Structure formats: structure tokens, C-alpha cells
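The next block holds one structure in the form of C-alpha cells; read it before the comments.
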Amino acid sequence: MNTYNLSTFIKNNRANHKRALIYLRVTVNSQRAEISVKRSINPERWDPGTNRVKGSKEDAKAVNSLINIMVLKLNKIYNKLVEDNETIS
């Protein structure tokens with residue numbers, strides 16, 4: 001049986017300390033991989049409780065929508081691999 005987890009987090013941007021890069025972390029059987037969402041935000045706008053951008057401004061909605069789409073796609077890929085009894089690595 002495989003263990004699978006997805007989480008979203010931010011990392012401080014070394015080039016611009018007022019911005020943080022958004023990442024998805026995929027963990028399968030204790031093996032981690034990080035995927036950049038290719039978006040950055042002001043770290044003060046990040047909600048660690050929901051792992052999404054705070055607010056209802058258009059930019060927050062767009063980034064949160066992108067995160068949701070990426071999570072759905074990764075879950076779909078994982079579920080398809082499980083369904084097909086494929087090795088997940």
C-alpha cells in the first residue's frame with residue numbers, strides 16, 4: 001500500500017525578500033518532490049491554515065485557482081496509477 005500526501009507551502013525568495021515562491025510538495029512512500037507553482041506572493045498574504053493566498057482580490061483568486069487545479073491534476077494522476085496497479089515512485 002502506498003502513502004500519498006500533497007501539501008502547499010511558500011519559500012522565501014532569495015532574490016526578492018518581499019516575495020515568497022509557492023510550491024506543492026508531493027510525498028509518496030516517504031519520498032518527497034517539490035513542484036513550483038510558478039507564482040510568488042507577499043508572505044503576509046499566505047494563510048498557513050488553509051495553505052492558500054488570503055483575500056478575495058482577483059490575484060488571490062487566480063493563484064488559489066491555479067493551486068486547486070494543480071492539486072486536482074496530481075490527485076487524478078495518483079488515482080489512475082493506483083487504479084492501474086502501477087508502481088508509484
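Residue numbers run from 1 in the order of the sequence given. Computed from a prediction, not measured in an experiment: that's the story for all the values here.
Interatomic distance, CG of Leu74 versus CG of Asn79, reported as 11.0 Å (0.5 Å rounding). One finds the CG atom of Leu21 at 4.5 Å from the CG atom of Asn13 (value rounded to the nearest 0.5 Å).
Pairs passing the ring-ring contact (aromatic ring centres under 6.0 Å, His included) check and including a residue from residues 23-55, sequence neighbours excluded, read Phe9-Tyr23. The list of ring-ring contact (aromatic ring centres under 6.0 Å, His included) pairs with a residue in residues 61-89, not counting sequence neighbours, reads Tyr4-Tyr78.
Listed by chain and number, the residues in a side-chain hydrogen bond (donor to acceptor under 3.5 Å, both in side chains) with Asp59 are Arg45 (sequence neighbours excluded). Scanning for side-chain hydrogen bond (donor to acceptor under 3.5 Å, both in side chains) contacts around Asn68 gives Arg52, with sequence neighbours left out. In this structure, the side-chain hydrogen bond (donor to acceptor under 3.5 Å, both in side chains) partners of Lys80, at least two apart in sequence or on a different chain, are Asp84. Legend: residues meeting side-chain hydrogen bond (donor to acceptor under 3.5 Å, both in side chains) with Asp47, ordered by chain and number and at least two apart, are Thr50.
Pairing each heavy atom of Glu34 with each of Lys11, the nearest pair is OE1-NZ, 3.0 Å. Between Val53 and Ala60, the shortest heavy-atom contact is CG1-CB, 3.7 Å. In terms of heavy atoms, Thr8 sits closest to Ile22 at CG2-CG2, 4.0 Å.
In this structure a side-chain-to-backbone donor-acceptor pair under 3.5 Å is present from Asn16 to Lys18. Proximity of a side-chain donor or acceptor of Arg39 to a complementary backbone N or O of Val63 within less than 3.5 Å is not detected.
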